[in-house]
*Asks:* 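Okay, here's the structure, questions in a sec.
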Amino acid sequence: MTGFWVMPNKDSCTWQRQFEGVHQVGGDTVIRFGFRLSSRELDAHGRILAEGSPKKAKPDARYAKCEENGVACARAAEKALKALNPANRIARTYVYDTDERFGPSIFRCPSVEHKITVGASVFYRLIVSPDGSDDASCDFSKGSGYDLILVSGGKTDSLSELLDLGDRFGIKVFPSLPPSPRDPGDVQADAEHVGPLAELTRRVMRDYAERFKGRTSLGGVYQAFELALRDWPKPDDVGTLKVYAAQNRVVREELPGVPILVSPYMDARKKVSYSPTPAQVADGFKVLAKTGMDIIAPQDGRGTGKLGLFWPNWTDRPVDPRLKPVVGDTTYDEAYIAATRGYFAAMSVARDELGKEGVKVQLWANLEAFQPTPVGRCGDQDARGNIDKPRLDTQITLAGPYVSKIISWMWTGFYTCGSPPLSRQIAQDWDRPIPIAANRQSRQPREGLQVTGYHLGEAVVSVSWAALKEPRRMDPTEVGSYDATPIAGLPQGAERVWVPLDWATVPKNAWVKVEVTSADGRKAAEPVYYYNGV
């Protein structure tokens, strides 16, 4: 596991501790949340109102201090437009709260756009076309409606600080793109605002291109607005997909070559109104990739209880007790359409099929490092509980040999709370074996079994099945082989061991259980299974 989400923080020391911690457990990627673009109303004085019903909302305290020559900033912006043509007007007003401090490249038209400093507060006034068109002429003489985006920036630039830490610790940083306003009647992004959102994205990306040119620690950008991964009968009507496509086009234009990451969630629960099958999720994966994504890192669903960690031969087993508040006291078969592993397997096929079409996209796994119930809750995550390393190892095993990188939600809180915290558990038990796959593999003239996983160098392999009285134990260093050659398409550190196995002695249609134990006796948290079909 080499990537983690972190929460925005005003304290530089906290940022540094987070990067130090990520580095200590072998992390090379940090993904950070962003701040949502918000549509706002004005009061009679031109002051920006807080979110909510305009009849009840009060002036937003963050923007109340924004004045120019004693005039509220929104009204001052419209006054500047009307000076160029009395028919000009502000059609819609937006605010964007951030802890970043932008350079002059964020402005397109200095005649009506500029930085506003009020004491220690910094604002940026942007005037954009409602359709998001990037008009380089800056001709405001025609008399038209424009959208105002008032950005509240940071005292210092948080992203510069994060990139500096990234350079220091060898960590790639993925800052969030500005997330879209949410559709008030749905969970989707509101496509009504796609024009100003695209233009804000353009300005921010243009600023990045100027200020961070050549910075290797800028690993990519992150689409923070979440989406349920499924098949869509009419993808063109899905607001979030429209927003993704518009923003991704802007990133391609302003930051060519910079990867775009998205982390959709999945839901396999049978009791909800709609849950897609693995095949339907694979179809959705293709649609999502074609919006311009470079990296799709689906959430594995165990933290929320929307998916379960089980094998096909476990379907009649009771669900994990911590899942019962989500799916009830039931079996895996009754609770879920399929397991996490089945969904990642299907998406890996979709990824390969896209590659043949010329659409290059990476499949990562986002492992949810929390429980769906608040027992052992972490910090301000009042609805979520913490986990231990065996649970995390199990998630890695079930994600399987289908992903090229493993990241996790999230460092802030879940890896740093508890006694001992999960980060310390990883540091103390970092080299415990973690198998991710087993399959038949002949090494002429012998038949055998190949196990893929992590930390397998001195591991002992045990195989068993229902009719076998005692497991067969084999040491690859004595009877087999170990191969640490990097494996294309798998995360760094994946390796293989091989042991001889006479498959004629294994019953047909049997599930072969493969366990791996380190030289000092530490058994992998989760076995892998191989189905010996006809």
Side-chain angles (χ1 to χ4, degrees), residues 1-9 14-34 100 158-177 179 205 208 212 214-224 226 248 251 255 257-265 293-300 303 344 347 351 360-370 389 392-393 395-396 399 402-416 422-423 426-427 430 434 436 454 486-494:
M1 184 179 304
T2 51
F4 303 87
W5 267 263
V6 296
M7 292 293 288
N9 197 290
T14 299
W15 281 126
Q16 179 162 325
R17 285 193 298 269
Q18 289 177 335
F19 273 69
E20 287 175 345
V22 168
H23 176 71
Q24 286 170 0
V25 299
D28 61 16
T29 301
V30 159
I31 305 153
R32 68 153 289 172
F33 290 97
E100 296 181 52
S158 64
L159 185 52
S160 294
E161 184 176 351
L162 296 186
L163 294 179
D164 289 344
L165 288 169
D167 290 336
R168 177 178 172 186
F169 290 103
I171 290 174
K172 302 285 188 182
V173 178
F174 282 69
S176 168
L177 296 174
M205 295 302 101
Y208 288 0
F212 304 131
R215 292 291 293 269
T216 58
S217 52
L218 181 61
V221 292
Y222 164 50
Q223 278 282 10
E226 286 195 356
N248 292 348
V251 175
L255 285 176
V258 172
I260 304 168
L261 163 72
V262 69
S263 185
Y265 65 91
M293 300 299 178
D294 298 289
I295 303 163
I296 302 176
Q299 302 164 35
D300 77 337
F344 277 106
M347 288 185 288
R351 173 202 59 203
K360 302 297 183 182
V361 61
Q362 298 180 55
L363 172 60
W364 294 4
N366 173 12
L367 306 187
E368 298 174 344
F370 56 89
K389 185 175 180 287
L392 193 63
D393 286 0
Q395 290 175 267
I396 294 172
Y402 308 112
V403 301
S404 59
K405 188 178 179 70
I406 299 173
I407 58 181
S408 183
W409 170 288
M410 66 181 173
W411 183 267
T412 310
F414 295 126
Y415 282 82
T416 56
L422 185 55
S423 58
I426 294 172
W430 65 272
I434 304 176
I436 61 173
Y454 307 94
I487 304 172
L490 292 187
Q492 180 181 355

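Just so it is clear, the structure is predicted and the values come from calculations on it, not from any experiment.
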*Asks:* Are a donor atom and an acceptor atom from the side chains of Tyr265 and Glu368 found within less than 3.5 Å of each other?
*Replies:* no
*Asks:* Considering only heavy atoms from C-beta outward, does the side chain of Gln16 approach that of Asp164 to under 4.5 Å?
*Replies:* no
*Asks:* Determine whether Thr29 and Lys405 make a side-chain contact, defined as any pair of heavy atoms from C-beta on separated by less than 4.5 Å.
*Replies:* yes
*Asks:* With side chain to side chain contact (heavy atoms under 4.5 Å, CB included) as the test, pick out the partner of Phe174 among Ile407, Ile295, Val30.
*Replies:* Ile295
*Asks:* Return the CH2 to CG distance between Trp364 and Leu261, rounded to the nearest 0.5 Å.
*Replies:* 6.0 Å
*Asks:* To the nearest 0.5 angstrom, please state how far the OH atom of Tyr415 sits from the OG atom of Ser408.
*Replies:* 2.5 Å
*Asks:* What pair of heavy atoms forms the shortest contact from Lys172 to Thr216, and how long is it?
*Replies:* NZ-O, 2.7 Å
*Asks:* With no hydrogens and no angle check, is any side-chain donor or acceptor of Lys360 less than 3.5 Å from a backbone partner on Asp294?
*Replies:* no
*Asks:* If I compare all heavy atoms of Ser263 with all of Gln299, which pair ends up nearest, and what's the gap?
*Replies:* O-NE2, 2.9 Å
*Asks:* Taking atom CD of Gln492 as the centre, report whether more than 12 heavy atoms of other residues, nucleotides or ligands fall under 6.0 Å from it.
*Replies:* no
*Asks:* Mark yes or no for whether Arg351, through its side chain, and Tyr402, through its backbone, hold a donor-acceptor pair below 3.5 Å.
*Replies:* yes
*Asks:* Strictly by modelled atom types, are Gln24 and Ser423 linked by a side-chain donor-acceptor pair under 3.5 Å?
*Replies:* no
*Asks:* Heavy-atom distance under 4.5 Å between the side chains of Phe19 and Val173, does that happen here?
*Replies:* yes
*Asks:* With side-chain contact (heavy atoms from CB on, under 4.5 Å) as the criterion, how do Val6 and Leu162 come out once you've worked through the C-alpha distance, each side chain's angles and the decisive distance to 0.1 Å?
*Replies:* CA-CA 11 Å; Val6 296; Leu162 296 186; 5.7 Å; no
*Asks:* Just do the side-chain contact (heavy atoms from CB on, under 4.5 Å) check on Arg168 and His23 with the steps written out, would you?
*Replies:* CA-CA 10 Å; Arg168 177 178 172 186; His23 176 71; over 6 Å; no
*Asks:* Would you give the length of the straight line joining atom NZ of Lys389 to atom CD1 of Ile434, rounded to the nearest 0.5 angstrom?
*Replies:* 5.0 Å
*Asks:* So, for Arg32 and Pro175, which heavy atoms are closest and what is the spacing to 0.1 Å?
*Replies:* CG-CA, 3.7 Å
*Asks:* For Gly26 and Thr2, which heavy atoms make the closest approach, and how far apart are they?
*Replies:* O-CG2, 3.6 Å
*Asks:* Can any side-chain N or O of Ser176 pair as donor or acceptor with the backbone N or O of Phe33 at less than 3.5 Å?
*Replies:* no
*Asks:* Calculate, to the nearest 0.5 Å, the distance between atoms OG and CG belonging to Ser158 and Asn9 respectively.
*Replies:* 10.5 Å
*Asks:* Atom CG in Leu177, atom OH in Tyr208: separation rounded to 0.5 Å?
*Replies:* 8.0 Å
*Asks:* Looking only at side-chain N and O atoms, does Arg17 offer a donor or acceptor that is under 3.5 Å from a partner on Thr416?
*Replies:* no
*Asks:* Which class fits the ring pair Trp409 and Trp5: parallel under 30°, tilted 30 to 60°, perpendicular over 60°?
*Replies:* tilted
*Asks:* To the nearest 0.5 Å, what is the distance between CE (Met1) and CG (Asn366)?
*Replies:* 9.0 Å
*Asks:* Between Val258 and Val221, what is the shortest heavy-atom contact and its length?
*Replies:* CG1-N, 4.2 Å
*Asks:* Heavy-atom distance under 4.5 Å between the side chains of Ile436 and Tyr454, does that happen here?
*Replies:* yes
*Asks:* Is the Trp411 ring parallel, tilted or perpendicular to the Phe4 ring (thresholds 30°, 60°)?
*Replies:* perpendicular
*Asks:* Test side-chain contact (heavy atoms from CB on, under 4.5 Å) on Leu165 and Ile171 and set out the steps.
*Replies:* CA-CA 8 Å; Leu165 288 169; Ile171 290 174; over 6 Å; no
*Asks:* Between Thr412 and Met7, is there a donor-acceptor pair closer than 3.5 Å when you use the side chain of the first and the backbone of the second?
*Replies:* yes
*Asks:* Minimum heavy-atom separation for Asn248 to Gln223, with atom names?
*Replies:* OD1-NE2, 3.1 Å
